[in-house]
Amino acid sequence: MPALLPVASRLLLLPRVLLTMASGSPPTQPSPASDSGSGYVPGSVSAAFVTCPNEKVAKEIARAVVEKRLAACVNLIPQITSIYEWKGKIEEDSEVLMMIKTQSSLVPALTDFVRSVHPYEVAEVIALPVEQGNFPYLQWVRQVTESVSDSITVLP
């Protein structure tokens with residue numbers, strides 16, 4: 001059990017909203033975006049997560065998705081450790097985690113782009129819908145990515 005203490009202390013450093021999203025538990029206090037009349041549709045913005053082998057690759061992908069307006073903002077979280085099974089072996093690697101804020105409707109296009117430029121054979125791209133948050137920030141995410149969202153056609 002003592003070996004878990006360093007992990008637990010690092011978890012305390014994660015933003016509270018990230019932990020709330022990951023747990024699926026509602027926040028203890030409602031945020032302005034959850035007030036009726038705010039105009040925010042819960043789940044219309046997503047936080048997507050992508051792991052990269054190093055900071056250089058993460059910065060290149062981050063800059064490209066923001067320039068293409070597939071994302072409003074990308075946070076790079078350095079020096080995460082990933083432990084996973086790959087081709088029958090347990091692997092452990094140091095990686096950089098990208099936290100990408102975008103419209104939920106853009107997640108498929110974001111995923112396609114990341115897959116096309118990512119060096120991994122199987123790139124991790126997962127997204128969680130944002131149910132609540134700071135309304136001006138969520139509005140900004142939608143505004144920055146709006147022109148791309150309008151031009152994407154969803155095929156049946």
Side-chain angles (χ1 to χ4, degrees), residues 1-29 31 33 40 42-149:
M1 192 68 151
L4 293 178
L5 290 177
V7 173
S9 65
R10 288 200 55 182
L11 286 176
L12 295 174
L13 300 176
L14 289 175
R16 182 180 174 145
V17 70
L18 181 59
L19 291 174
T20 299
M21 289 181 344
S23 71
S25 302
T28 54
Q29 298 176 343
S31 64
Y40 178 69
S44 60
V45 168
S46 285
F49 301 91
V50 175
T51 51
C52 293
N54 57 54
E55 190 172 349
K56 180 179 185 289
V57 169
K59 282 184 177 181
E60 288 172 359
I61 294 173
R63 184 167 299 281
V65 297
V66 172
E67 286 173 352
K68 292 178 177 298
R69 295 183 173 263
L70 291 171
C73 176
V74 180
N75 302 110
L76 303 181
I77 304 167
Q79 298 176 339
I80 65 164
T81 300
S82 296
I83 300 171
Y84 56 96
E85 182 182 327
W86 183 248
K87 298 184 178 181
K89 290 177 53 185
I90 303 298
E91 303 285 347
E92 181 173 329
D93 288 308
S94 178
E95 295 181 297
V96 175
L97 177 65
M98 300 171 62
M99 188 169 73
I100 304 168
K101 276 72 73 177
T102 189
Q103 290 192 57
S104 297
S105 62
L106 292 176
V107 170
L110 173 70
T111 300
D112 288 345
F113 176 76
V114 169
R115 289 179 63 200
S116 74
V117 299
H118 202 286
Y120 288 169
E121 185 178 335
V122 178
E124 174 185 357
V125 183
I126 58 173
L128 299 170
V130 175
E131 295 299 317
Q132 299 179 5
N134 179 19
F135 177 66
Y137 180 82
L138 299 171
Q139 190 175 32
W140 170 78
V141 170
R142 292 186 54 82
Q143 178 186 6
V144 168
T145 58
E146 201 67 50
S147 62
V148 175
S149 178

Original post:
Out of curiosity, Cys73 SG to Met99 CE, how far, rounded to the nearest 0.5 Å?
Top reply: 7.5 Å
**OP:** Taking atom CD of Glu55 as the centre, report whether more than 12 heavy atoms of other residues, nucleotides or ligands fall under 6.0 Å from it.
**Re:** no
Subject >> Sequence neighbours excluded, every pair satisfying side-chain hydrogen bond (donor to acceptor under 3.5 Å, both in side chains) that has a member inside residues 107-118 >> reply: none
Original post:
Which heavy-atom pair separates Lys59 from Leu76 by the least distance, and what is that distance?
Top reply: CG-CD1, 3.5 Å
Subject >> Approximate separation, where rounding is to 0.5 Å, of Ser82 OG and Leu97 CG >> reply: 8.0 Å
**OP:** Side-chain contact test, heavy atoms from C-beta onward, threshold under 4.5 Å: evaluate it for Val144 versus Val141 and give yes or no.
**Re:** no
Original post:
Can you tell me how far OG of Ser104 sits from CG of Leu106, rounded to the nearest 0.5 angstrom?
Top reply: 8.5 Å
Original post:
Run the side-chain contact (heavy atoms from CB on, under 4.5 Å) check on Phe49 and Val125 step by step: do they pass?
Top reply: CA-CA 6 Å; Phe49 301 91; Val125 183; over 6 Å; no
Original post:
So, do Thr81 and Glu92 sit near enough that their side-chain heavy atoms are less than 4.5 Å apart?
Top reply: yes
Original post:
Arg142 versus Val45: any side-chain heavy-atom pair under 4.5 Å?
Top reply: yes
Original post:
So, do Tyr40 and Gln132 sit near enough that their side-chain heavy atoms are less than 4.5 Å apart?
Top reply: no
**OP:** Using distance alone, with no hydrogens and no angle criterion, decide if Tyr120 and Glu95 have a side-chain donor and acceptor under 3.5 Å apart.
**Re:** yes
Original post:
So, do Val57 and Pro119 sit near enough that their side-chain heavy atoms are less than 4.5 Å apart?
Top reply: yes
**OP:** Please test Val96 against Ile77 for side-chain contact (heavy atoms from CB on, under 4.5 Å), starting from the C-alpha separation and ending with a verdict.
**Re:** CA-CA 6 Å; Val96 175; Ile77 304 167; 5.9 Å; no
Original post:
Quick one: ring pair (Phe, Tyr, Trp, His ring centres under 6.0 Å) pairs with a partner in residues 61-114, sequence neighbours left out?
Top reply: none
Subject >> Residue pair Val50, Cys52: steps toward the side-chain contact (heavy atoms from CB on, under 4.5 Å) verdict >> reply: CA-CA 7 Å; Val50 175; Cys52 293; 4.2 Å; yes
Original post:
In Å and rounded to the nearest 0.5 Å, what is the CD1 to NZ distance from Ile61 to Lys56?
Top reply: 10.5 Å
**OP:** Before giving the answer on side-chain contact (heavy atoms from CB on, under 4.5 Å), spell out for Val130 and Ser46 the whole-Å C-alpha distance, their side-chain angles and the decisive distance to 0.1 Å.
**Re:** CA-CA 5 Å; Val130 175; Ser46 285; 5.6 Å; no
Original post:
Roughly how far, to the nearest 0.5 Å, is the CD atom of Glu146 from the OG atom of Ser105?
Top reply: 8.0 Å
Original post:
Would a 4.5 Å heavy-atom cut-off, applied to side chains only, mark Pro78 and Ile80 as touching?
Top reply: no
Original post:
CG of Leu138 to CD of Gln103: how many Å apart, nearest 0.5 Å?
Top reply: 11.0 Å
Original post:
Below 4.5 Å, heavy atoms only, C-beta onward: do Met98 and Thr51 meet side chain to side chain?
Top reply: no
**OP:** For Thr102 and Leu70, indicate whether the former's side chain and the latter's backbone hold a donor-acceptor pair under 3.5 Å.
**Re:** yes
Subject >> All salt bridge (charged side-chain N to carboxylate O under 4.0 Å, His left out) counterparts of Glu85, not counting sequence neighbours >> reply: none
